[in-house]
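All figures in this text were calculated on a predicted structure; none of them were measured in a lab. Letters A, B, ... mirror the listed sequences (proteins, then strands); counts begin at 1.
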There are 2 protein chains.
Amino acid sequence: MIEPTQTVSDRPHRTQTERRQATRQALVEAALLRIQAGENFDTLSLRSLSKAAGVVPAAFYRHFDSLEDLGMALMDDSFRALRAMLRDARRRDPKEAIPASISSLTEHVQANRPHFAFIAQARSSGSPRLRATYHAEIRLIVSELATDLARFPHMSKWSAADLQMVSSLIVNSMISTTEAILETRENDVAGRTAIAKTAEHQLRLVMIGVPQWRSATATEDPA
Amino acid sequence: MIEPTQTVSDRPHRTQTERRQATRQALVEAALLRIQAGENFDTLSLRSLSKAAGVVPAAFYRHFDSLEDLGMALMDDSFRALRAMLRDARRRDPKEAIPASISSLTEHVQANRPHFAFIAQARSSGSPRLRATYHAEIRLIVSELATDLARFPHMSKWSAADLQMVSSLIVNSMISTTEAILETRENDVAGRTAIAKTAEHQLRLVMIGVPQWRSATATEDPA
DNA sequence: GAAGATAGTGAACACTCGTACACACAGTGA
DNA sequence: TCACTGTGTGTACGAGTGTTCACTATCTTC
């Protein structure tokens, strides 16, 4: 069932640009709402989104060339939210980097469920463009984390490849944690704290191995 | 464009059950082909699959109640392939468990690309039934790995929660590795060996931390 | 206040979609 | 051989799809 969202056009805005931004936002939010409800972005239709936004199908083209174009706009918004989370995580106490990062993650995911759900879907979207953007962004995040890690005492001398290796392990773990959080029901706080606890332990376990990494495997690559 | 696959009905089979199985298989394989080509299962249509299988749309219902029903059948096939991989990995030399598991993974994924791609899609499918099945199967695999790990010397005394924690970390890493392999082009052997190498290092790193796990964190939980 | 730009309208187009039903026709078992 | 069963056919229906185009109404600029 499509909920009869209140229209945008019937409450007139003063300026034209305000009006424009309002319907554009209504289209974007209609998409996010459906995604949060469990629908896949690939199955959304231009018509149904327009109807939910209180606008006629043809009006869609005043704002986006196609559904994929709207998807790209959604990607921008969603990765902006993700980057805000990363900035927040970095700002916190580096002595408690692990629990700080985890709680930053859970808070931001919880506060931006539909955006993170959209990102999760983009990973294996039917649109090559969305998929490519997703992977490019993730790769960037992995690299940024790698340079962060290089500042840690035990890893300052690590090779770029090893840094990337640890970094991607951590990012993958965080992505899985994110998806686990998204699967919890809105009111299941206990479930989310359990997930956070597990994620914290996983990060700890990984970091325990770090100090002995190359010494333990030095035999394999004499370079 | 939909490729004009050769029909099934025009080359008559002797027995009726043979004929039945042939078209059923043609429907399933049409779906796998589209998935391998990068399409999302959620966007497949009953009509296009029927056409690709060389059969009229109504005939679809002789084999499946709905597209979701076909999806469930695909899940069976795909997780059968996944379990075969796990059995294969377990059969190999436990002294070299890590490289053995990784090469088993890469081989099986490469040999069953569409099935693994379908599983990857199921993770955030629009169909709640497919999603639920996916997560149930993965949870099962995590638990099985946990009991396997309990047989390792350092982990025999571990709590169930800790075993699950390590196990899910490993499984998540393997899932990410799988998806990375699926993104490589068919002829990019070098790319896949690089991915395998990284995955191997990640598993090693995790296992390095294992012997010191609880001793390193014993302060937090005095139970 | 007139002239111009533009967000949103409404109708029409040429599809594709899932589903239904009577029907044909080939293997099956007596 | 004959009636039975069941796979696949052909056609039709209603609904939903993306896209187009001339239009209206409103805000903007002079």
Between [X] ([atom1]) and [N] ([atom2]), how many Å, whole number?
X       : N      : atom1 : atom2 : answer
B/Phe60 : C/dT16 : CZ    : P     : 19 Å
A/Arg20 : D/dT28 : CZ    : P     : 14 Å
B/Glu68 : C/dT19 : CD    : P     : 12 Å
B/Glu18 : D/dG8  : CD    : P     : 13 Å
B/Glu39 : C/dT16 : CD    : P     : 15 Å
A/Arg24 : C/dG8  : CZ    : P     : 12 Å

OP1 or OP2 of C/dA7 under 4.0 Å from side-chain N/O of A/Arg19
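Result: no.
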
Can you see whether [X] engages [Y] through a side-chain donor-acceptor pair at a distance of less than 3.5 angstrom?
X        : Y       : result
B/Thr17  : B/Thr15 : yes
A/Ser104 : A/Arg87 : no
A/Glu29  : A/Gln25 : yes
A/Arg62  : A/Thr23 : no

Query raised in the report: Would you say A/Leu74 and A/Ile35 make side-chain contact, with heavy atoms under 4.5 Å?
Result: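 Yes; the side chains approach each other to less than 4.5 Å.
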
Proximity to the side chain of B/Gln16 - top-ranked nucleotide from D/dG8, D/dT7, D/dC27: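 Nearest to the side-chain atoms of B/Gln16, counting from C-beta on, is D/dT7.
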
* Are the charged groups of B/Arg92 and B/Asp88 less than 4.0 angstrom apart, N to O? ->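 B/Asp88 and B/Arg92: salt-bridged.
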
Once you apply a heavy-atom cut-off of 4.0 Å, does B/Arg62 come out as touching a base, just sugar-phosphate, or nothing?
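Base, at least one base heavy atom under 4.0 Å.
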
Using atom names, set out every protein N or O paired with an N or O of nucleotides 16-19 of chain D below 3.5 Å, distance rounded to 0.1 Å.
| from | atom 1 | to | atom 2 | distance (Å) |
| --- | --- | --- | --- | --- |
| D/dT17 | OP1 | A/Ser45 | OG | 2.7 |
| D/dG18 | OP1 | A/Leu46 | N | 2.7 |
| D/dG18 | OP2 | A/Leu46 | N | 3.3 |
| D/dG18 | OP2 | A/Arg47 | N | 2.9 |
| D/dG18 | N7 | A/Arg47 | NH1 | 2.5 |
| D/dG18 | O6 | A/Arg47 | NH1 | 2.8 |
| D/dT19 | OP2 | A/Tyr61 | OH | 2.5 |
| D/dT19 | O5' | A/Tyr61 | OH | 3.0 |
| D/dT19 | O4 | A/Arg47 | NH1 | 3.4 |

